[in-house]
*Asks:* 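Sharing a structure here in structure tokens format.
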Amino acid sequence: MNQPMKQILIVEDIAETRDWLRRAALAAFPGCEVREAPDMRSGVHAAKGGAFDLAIVDLGLPDGSGTGVIAAFREHQPAAMVIVATVMGDDASIIAALSAGAQGYLLKDSPAELFARQLEQLGQGIPALSPSVARRIVDHFRSTAVAHQPEATLTARELDVLGLISKGLRNADAAKELGLAESTIASHIKAIYSKLGITSRAEAAIRAQQMGLTRP
Amino acid sequence: MPFALRNTPSTRLTVLVTLGTLALAATLGWAVQPATGPTLDITAWRLLSIPVGFWVCVITGFGAYLVSTWIWALKPRDPATSLFAASGLTTLLFTFASTYDYMAAPLPAGMVGLMLLINMLSACVFGIIMICLFLIYPGRLPYWRYGTAATVIVFGGWTAAALGPLHQIAIGQLITLTEMIVIIAAGLWQIVHAHHDPRQRAIAVWLGASVLLGAGFFIGTVALPITFGHRPLIDTDYAFASFLLIYAGLAVGLIRYRLFELGGWAFQLIFHVAAALAILAIDAFLIGSLSLAPGAALSLAVLAIAFVYLPLREYAWRRLAQRRTADEAEIFHSVIDTALKPSGPQRAQSWEQLLQDMYQPLELTPSMSTSTAPAIEAEGLALHLPAIAASPALTLRYPHAGRSLFSPRDLATAGQVIALMRHAEESRGAYDRGVTEERTRIARDIHDNIGAQLLRALHSGPAERKDAMIRDTLADLRDVINNAQSPELPLDLVLADLRAETADRLSPHGISLTWDVEAMTDLPLKPARVHALRSLVREATSNTIKHAGAGAMTVRITTDPTGLALVVEDDGQGFTTDTVSLGHGLDNMKARTESLGGAFSLTNEGKGTRLSARLPLQTELPTS
């Protein structure tokens, strides 16, 4: 899935951060065309109108949550890749974004070159998962799947992957640990993402919110 | 028993309206009789040919009487409402007494003279009462006592003289004219007098305007022309309709300005009484017409009554008598809702709403009492409730829209609801305290960690250094937010995040990471230690990336009962004292560690750098 990212949308309310994201996007995908949206309304509008390969969406927008933009992309441009770029990145809202259909998330306080590299990797189809988000996902499936959604349970392998990542191993380390290729780990993570969104989106968001708030 | 004979507003109003209705029935009964004399033969009655003037008279009189008795029934001990009721009664008398002109059937001997006398007398008394009313309502005018006495003596004497010794009934017109002028003057005085109080002024203007319009119209079209020897501009009896203006204005003002301290709810009372009387009237009508019907039709009519009217009547009566009492589940629900309302005023409002639903009192007023238990007062007319739910102590009067009294059962329910409300409020208080403590903790966390770090970043020199410190601060802030629920984090969670982050940072530089933990993984760490540990690992990683030229980095973390030891080694070229001038954040690491009572050292191990730190954990180990 090495798709060229030519048309990129950036939804971000802080002007300085928008510029910074634009520079990072240009560094990761030289020659791409970047469009910017400062709030949720124009983000949703862009999702309905233009054709984008990649959307980088901030969650806390002045007129609502970025999950609205993500949902609009799922509906109107399912082929586009949607990435959440957040700074507070509280786990609950990241999981809500993932279950709304985001394919990954990045922290905006990373150094510029690290951010650009992560962006590039996402473009190559290698999704990231932080240990704390991995832990929340395990919790999520433990609390919801057992109850009433047998089809939404994770396979043993997927649970292994989540377990290792939640201990702080990166994709490559987890691959080494399990004796698998890194791309296999990536596809497991993608499967986990899609299972997060397998139920109704709203319910998943609520569930995610719930578990985000009910930490041990 | 919805209309039991107790001294409730509804009983009072029912009795008075019944009396008024009897008077109306008697007058109407005589008016329908044909010129040939009274008869019981309905076909001979002249229901449709009664002159319009008659209807104006009876409608005006009866309407005025209804409105004024209604107000009085609600507030029987108030001097203003008493005067107002008396004015309505006199209006009924002078309008009804002036219907003698419209009777076709001959009246008994002396009746006309009597009616004329009643008409004149009650018109004069009406004026006296109205003057007295305007002396004390809406506000008491200065010298109102003298004014009242003077009014009664002057106009009373004048009237008595005119009707008695002088025997000049015609003077009555002059008397009423003078009275009207005094009424208008008193009304204007009220408006002036109330200039300091906008609400009272509004009432005065409204009442004054009603009276001015009503009485002024009558004076202008009837009283003035007659006094000066002319014919009235319109028929006297038509002009009576203008008095209805006074009472209609009052009914409207009641809603708008809470006249006599009554509100729109007062209309509930008149509705109930009217509906009850209507049912009784239909009963009377049916009984009356049954006695007139011939044999065959009679049995059909009885059947129809049995199958149609009686069930309907039963239903209507039950609806009227029924009290919609909130059931227990509903009350419980409302109490909890009330206790959980976010603000004091909302709680108070919700509490009042709950009381309205439970008792439907006609009046709900704050009281000064400090008693803590509910109590029934005024022989069941009032229920006193203590202050609760951010609401002051309340007194409820006239339960169930004035149809009944407060019973011991109502008192018991009130006691239970108040106990429940107290319990709910206490629980809510405990919850609120928990929230406040939590907030304080988070605020302290932010102040101690985030604030201090931002300040350090602000005061540190190079831009790159500032960036690193701000990033560090954002990471800590994420921590505060994500772990808002738990003040302490288990060691393994902290290490997992740190491991992923470190590996991520090292890999672009081709440095491999060995992560070695031999520790109590569920050891709880306080935020300050979490931040210190993270800061140490980050700083060491930064140094390895920038200065060491290393290919591998090892992090080793061990715990023992007294503390946590951290060792970070790389296989780089080590350092010389001047590259590590302790300006690159190492002084911060040292300061942070030492402020927690720990030790910090940085050594050159021939090849590579070795950073070791120790954080004491004595105080954080679970005490058994």
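Quick note: numbers below take in every heavy atom, side chains included, and nothing from hydrogens, waters or symmetry partners. In the text below, chain A, chain B and the rest are named by the order of the sequence lines, each starting its count at 1. Just so it is clear, the model here is predicted, and its values are computed rather than measured.
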*Asks:* Taking all heavy atoms of A:Leu169 and all of B:Arg499, pick out the closest pair and write down the distance.
*Replies:*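 The answer is CD1-NH1, 3.1 Å.
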*Asks:* Is the number of heavy atoms from other residues, nucleotides or ligands under 6.0 Å of A:Lys108 NZ greater than 12?
*Replies:*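 Yes, because the 6.0 Å sphere around NZ of A:Lys108 holds more than 12 heavy atoms from other groups.
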*Asks:* Check B:Ala496 against A:Ser166 and note the closest heavy-atom contact, atom names and distance.
*Replies:*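 That would be CB-O, 3.2 Å.
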*Asks:* For B:Asp504, is it the side chain, the backbone, both, or neither that has a heavy atom closer than 4.5 Å to a heavy atom of chain A?
*Replies:*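 It is both, since atoms from each part get that close.
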*Asks:* Minimum heavy-atom separation for B:Pro508 to A:Arg117, with atom names?
*Replies:*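 The answer is CG-NH2, 3.4 Å.
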*Asks:* Can you tell me if CD on A:Glu33 sees more than 12 non-hydrogen neighbours from other groups inside 6.0 Å?
*Replies:*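 Counting neighbours around CD of A:Glu33, 12 or fewer heavy atoms of other residues, nucleotides or ligands fall under 6.0 Å, so no.
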*Asks:* Atom CD of residue position A:Glu182 - does it have more than 12 heavy atoms of other residues, nucleotides or ligands inside 6.0 Å?
*Replies:*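 Above 12, so yes.
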*Asks:* Rounded to the nearest 0.5 Å, how far apart are CG of B:Leu513 and CG of A:Asp173?
*Replies:*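 It comes to 7.5 Å.
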*Asks:* Checking heavy atoms, do the side chain of B:Asp492, its backbone, both or neither come under 4.5 Å from chain A?
*Replies:*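 Neither; nothing under 4.5 Å.
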